[in-house]
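Below is one structure, written out as structure tokens, with a few remarks after it.
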Amino acid sequence: MKITFPDGSSRDYEAGTTLAQVAESIGRNLAKASLAAEVDGSLKDMSTPLDQASQVRFLTFNDEEGVDIFRHSSSHVMAQAVKRLYPNVKLAIGPPIQDGFYYDIDLPESINEEDLKRIEKEMDRIVAEKIPFTREVLSRKEGIKLFEELGEEYKVELIREIEDDTVSVYRQGDFVDMCRGPHVPDTGYVKSFKLLHTAGAYWRGDEHKKMLQRLYGTSWVDKKDLKAYLERLEEARKRDHRKLGRELELFSIEEEAGPGLVIYHPKGALVRTLIEDLEKKEHFRRGYQIVMGPQLLKVDLWKKSGHWDHYRENMYFTEVEGAQYGLKPMNCVAHMLIYKSSIRSYRDLPLRYFELGTVHRHEKSGVLHGLLRVRGFTQDDAHILCTPEQLNSEIRGVINFVRDMMGVFDFEYVMEISTRPEKSIGSEEDWERATKALMEALDDEGISYKINEGDGAFYGPKIDVILKDAIGRMWQCATVQCDFALPERFELEFVGADGERHRPIMLHRVILGSIDRFLGVLIEHFAGAFPAWLSPVQVKILTITDRSATYARSVAGRLRKEGFRVESDLRNEKIGYKIREARLEKVPYMLILGDQEADTGTVALRDREDGDRGTVSLEDFVELVRDLMSPPAIPYKEE
RNA sequence: GCCCACGUAGCUCAGUGGUGGAGCACUUCCUUGGUAAGGAAGAGGCCGCCGGUUCAAUCCCGGCCGUGGGCUCCA
């Protein structure tokens, strides 16, 4: 029989030859590296015998599928270890995930750090035993019987729900698990792993079902990769915006004030202001009008908007003089009222209302996280009201806006479109038209995108922008959403060229999203070392001795006149000490001033990245850094 | 909201059923030193909050609040 490989070459083999033997015949290294194989499009174990001519692709740790198979096998090894140590454990599911795997288990006692170490030791034994993974196909009935006898009620529940007549199970020695497979040939493959932490997880992700224990681990084909991954985790910890936020005196969240409520200290408030100033400027350039809505609006209005029915449990309410008010969780309602305040003509459209709107949402206590998930935050929110004909160009305008802003902050990004979910409102034509408009806008801009079927908002489809930070993590910030519901509910109209009344389409969009969250992402992206234009302190003047204080004051004055943010450290401390502190504060430029500089009108420049840069004249320094001290210019584009 | 862990000085963290500690930071004094920590002294704590056990609780138990890792939900 003829076996064909991805490079187009082929070889002949006897029927019954296993994939492992095929790999071996090609080369020792391939055989060693191959974890499983893809045969005519489906994934198979290396021990699978081939019985007919096929297309074969061997999967290694360099293939996405190979990585998943490897991690999946890792989770089986962990499950086997758990089962050896806790015979009464019931297993739920154990899939591979990004960078690792987990297994959900049901166990009366709870697993702690020391237990994880014990489980790791047991896993080491299982790995050393090199137990082969063997596949077995059972009928559903046999499968149910097998797992009922084992007391594995979760597996039984899963088998009852699958539609096939057969189920496959994998054995590794005394351990058996229901599993689609494939797996690596034996447990010896999984030697570079580490169990990371435990967590609670609902059975089948349903908060009404039982809470299980989830054990998280990571595994790699090579010890080096494991080490690199653990170092990456360490790097992420160092960049944690909660830690840096405190160290750099940017913000705090105090128990006294309330969970999820951010207090911006001078430096954090300054960075936020710089971002917001840039946002205002860029919005004005793009034809947005700034508006401001009140923090409290009457409950009747929230009933009209649908928030009372759909969002009430996330809102804060209060009563004043017998009238019920709700604290705004979104900015749209006031914008609707502005639109309705006069009769609109098609000539007025599009209308782009922009608000740096501070909103409050009663998030569940367990989800709060630094600046990334809070209860009070400020969005760079806008609602664009336009005609159906204008939809495409408005969406493209937003996309370009996002593109420009991501460039300013040095972020890469990808875009995704989310389509109609099952629970949704509006006509099929509206949804189709709006989804098409979003896709066409991205196509027209030459942007590739992924589609998330059924992931849209209940009132319309959306584009999400997922940005990628300096260490490869993804964050969702910008979003563009079509909304049919609000124009309908508020009976928004415009008079068309035909003299008839028409309903405008509304786009809801944010560029950075929550400014608070964006700041958190920025802190982690730059590891606290903001680019000069965003740094709270741009230049720090450090004196060698008291004798230089007067000169230092004149230098500071000159730089302030230039608009630079300057701080002086005139303390009676050694220069090494002052430099150390300025470095920890991540100030981009340090000017070291002693007798030599005072005598010659120069500054000894030191920067955050390159260290000592020698002596330059004060005026040369100003020229050198001037352009870096304000936000990068965004070229003006004709709409 | 749910599961697990944690909560000691501004920060990082030791610690014990009977009197609370260190380093850094802070204050004062000495030192005037040229590219990542000079020296000395001092001040600083409802040991998260409430209740229980105990002759005695920061420590043991319970509840609450908060934080962390996740789940669910989301900007």
Side-chain angles (χ1 to χ4, degrees), chain A residues 97 102 104 106-107 109-113 115-116 196-216 237 240 242-243 246-247 249 252-260 311 313-314 329-331 357 359 361-381 457 464-465 475-479 481 508-518 520-521 542-549 571-584 590-597 604-608 611-615:
Chain A
I97 52 172
Y102 66 78
D104 284 348
D106 184 4
L107 190 66
E109 60 260 51
S110 61
I111 300 287
N112 61 30
E113 293 281 311
D115 298 330
L116 282 185
L196 298 172
H197 51 258
T198 62
Y202 300 109
W203 168 232
R204 321 210 78 174
D206 182 340
E207 62 180 315
H208 304 293
K209 293 207 159 87
K210 183 162 185 184
M211 176 69 73
L212 307 173
Q213 297 188 64
R214 177 168 297 178
L215 311 185
Y216 281 93
R237 247 195 303 281
D240 192 315
R242 294 164 299 185
K243 178 172 169 325
R246 187 173 49 241
E247 287 172 1
E249 299 180 301
S252 63
I253 298 173
E254 316 268 349
E255 187 173 346
E256 280 182 281
Y311 211 72
E313 63 282 6
N314 282 304
M330 298 180 194
N331 304 300
V359 297
R361 299 182 184 175
H362 180 208
E363 300 290 347
K364 291 179 181 176
S365 59
V367 306
L368 301 177
H369 182 96
L371 293 179
L372 302 181
R373 196 71 189 272
V374 295
R375 285 185 172 157
F377 58 100
T378 301
Q379 292 176 303
D380 59 340
D381 202 2
D464 288 320
V465 182
W475 309 87
Q476 198 213 296
C477 288
T479 168
Q481 306 180 345
H508 166 108
R509 49 107 286 192
V510 290
I511 302 294
L512 305 181
S514 150
I515 307 284
D516 308 68
R517 172 181 287 184
F518 188 76
V521 173
L542 314 177
T543 49
I544 304 276
T545 71
D546 293 344
R547 290 192 302 282
S548 312
R571 291 176 305 171
N572 174 13
E573 294 290 350
K574 290 197 170 171
I575 194 62
Y577 184 82
K578 293 185 183 185
I579 288 170
R580 178 184 150 81
E581 284 205 344
R583 294 235 7 151
L584 292 176
M590 287 159 255
L591 298 182
I592 289 142
L593 305 184
D595 294 336
Q596 294 162 32
E597 288 76 19
L605 173 61
R606 185 180 222 286
D607 84 29
R608 197 167 52 187
D612 192 349
R613 286 177 55 178
T615 301

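Each chain gets a letter, A, B and so on, in the order the sequences are listed, and its residues count up from 1.
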- prompt: Salt bridge between A/R242 and A/D240, side-chain N to carboxylate O under 4.0 Å?
  reply: yes
query: Is any side-chain heavy atom of A/S548 less than 4.5 Å from a side-chain heavy atom of A/E597?
result: no
task: Indicate whether OP1 or OP2 belonging to B/A36 is found under 4.0 Å from a side-chain N or O atom of A/R606.
output: yes
- prompt: B/C2 C1' sits how many Å from A/W203 CH2, rounded?
  reply: 17 Å
Anything under 3.5 Å between a protein N or O and an N or O of nucleotides 58-65 of chain B, put it in a table, one pair a line.
residue : atom : partner : partner atom : Å
B/C65   : O2'  : A/E255  : OE2          : 3.3

Distances for protein N/O vs nucleotides 12-14 of chain B N/O pairs under 3.5 angstrom?
residue : atom : partner : partner atom : Å
B/U12   : OP1  : A/R246  : NH2          : 2.9

message: So does A/A582 get a backbone contact from the side chain of A/R608, meaning a donor-acceptor N/O pair under 3.5 Å?
response: no
- prompt: Excluding sequence neighbours, so at least two apart, what forms salt bridge (charged side-chain N to carboxylate O under 4.0 Å, His left out) with A/D516?
  reply: A/R272
query: When we call it a touch if two heavy atoms are under 4.0 Å apart, what does A/I579 touch: a base, just sugar-phosphate, or nothing?
result: base
Partner set under side chain to side chain donor-acceptor pair (under 3.5 Å) for A/R583, not counting sequence neighbours: none
message: Under the rule for side chain to side chain donor-acceptor pair (under 3.5 Å), what residues qualify as partners of A/Q481, not counting sequence neighbours?
response: A/Y459, A/T479
field: Test side chain to side chain donor-acceptor pair (under 3.5 Å) applied to A/S514 - qualifying residues, sequence neighbours left out
entry: none
- prompt: Taking only residues two or more places apart in sequence or in another chain, which ones pass ring pair (Phe, Tyr, Trp, His ring centres under 6.0 Å) with A/F377?
  reply: none
- prompt: Rounded to whole angstroms, how far apart are CD1 on A/I111 and P on B/C3?
  reply: 17 Å
task: Provide, to the nearest angstrom, the distance between the CG atom belonging to A/L584 and the C1' atom belonging to B/U35.
output: 14 Å
query: Heavy atoms, side chains only, cut-off 4.5 Å: are A/I592 and A/D612 in contact?
result: no
- prompt: Which residues pass the side chain to side chain donor-acceptor pair (under 3.5 Å) test with A/K243, sequence neighbours left out?
  reply: A/E247
- prompt: Is the backbone of A/R547 close enough, under 3.5 Å, to the side chain of A/T545 for a donor and an acceptor to pair up by distance?
  reply: yes
- prompt: Is A/S365 near enough to B/G1 that one of its side-chain N or O atoms lies under 4.0 angstrom from OP1 or OP2?
  reply: yes
query: When the C1' atoms of B/C60 and B/C74 are considered, how many whole Å apart are they?
result: 41 Å
message: Give me the distance, rounded to whole Å, that separates B/C55 from B/U16 when you measure between the P atoms they each carry.
response: 24 Å
Between the protein and nucleotides 22-30 of chain B, are there any N/O to N/O pairs under 3.5 Å, and if so, what are the atom names and distances?
residue : atom : partner : partner atom : Å
B/A25   : OP1  : A/Y577  : OH           : 2.9

- prompt: Could you give the distance from CG (A/L116) to CD1 (A/I111), rounded to the nearest 0.5 Å?
  reply: 7.0 Å
- prompt: Is there a donor-acceptor pair under 3.5 Å between the side chain of A/K578 and the backbone N or O of A/R571?
  reply: yes
- request: Would you indicate whether the side-chain heavy atoms of A/L371 and A/R517 approach each other to under 4.5 Å?
  value: no
field: B/G69 and B/C47, which share atom name P, separated by this distance in whole Å
entry: 27 Å
field: Atom-pair distance (CE on A/M590; C1' on B/U35), nearest Å
entry: 9 Å
task: With P as the reference atom in both, quote the distance from B/G21 to B/C2 in angstrom, rounded to an integer.
output: 39 Å
query: How does protein contact run along nucleotides 69-75 of chain B, one letter per nucleotide 5' to 3', with B for base contact, S for sugar-phosphate only, - for none, heavy atoms under 4.0 Å?
result: BBBBBBB
- prompt: What is the distance from CD1 of A/I592 to P of B/G34, rounded to the nearest Å?
  reply: 12 Å
- prompt: Say you pick atom P in B/G38 and the same atom in B/G48; how far apart are they, in whole Å?
  reply: 34 Å
- prompt: Do the non-hydrogen side-chain atoms of A/L591 and A/L605 ever get within less than 4.5 Å of each other?
  reply: yes
task: Output all residues satisfying side chain to side chain contact (heavy atoms under 4.5 Å, CB included) with A/R375, sequence neighbours left out; order by chain, then residue number.
output: A/P259, A/L261, A/Y316, A/H362, A/E363, A/S365, A/L368
- request: Using the C1' atom on both, measure B/G34 against B/G15 and round to a whole Å.
  value: 43 Å
query: Across the strands shown, which category fits A/A582 at heavy-atom distances under 4.0 angstrom: base, sugar-phosphate, nothing?
result: nothing
- line: Stems with RNA chain B, 3 or more Watson-Crick or G-U pairs in a row (under 3.5 Å), are B:1-7 with B:65-71, B:10-13 with B:21-24, B:26-30 with B:38-42, B:48-52 with B:60-64
- prompt: To the nearest angstrom, how far is A/E597 atom CD from B/U35 atom C1'?
  reply: 11 Å
query: Is it true that a side-chain atom of A/Q379 and a backbone atom of A/M330 form a donor plus acceptor pair closer than 3.5 Å?
result: no
task: Between B/G18 and B/U54, how far apart are the C1' atoms? Round to whole Å, please.
output: 12 Å
query: Sub-3.5 Å donor-acceptor pair from the side chain of A/R361 to the main-chain atoms of A/P329, do we have one?
result: yes
task: Measure the distance from CZ on A/R608 to P on B/A36 and round it to the nearest whole Å.
output: 17 Å
query: Roughly how far apart, to the nearest Å, are B/A9 and B/A14 at atom P?
result: 12 Å
- prompt: A/I253 CD1 to B/G66 C1': how many Å, rounded?
  reply: 12 Å
query: Looking only at N and O atoms, is any donor in the side chain of A/E254 or the base of B/G66 less than 3.5 Å from an acceptor on the other one?
result: no
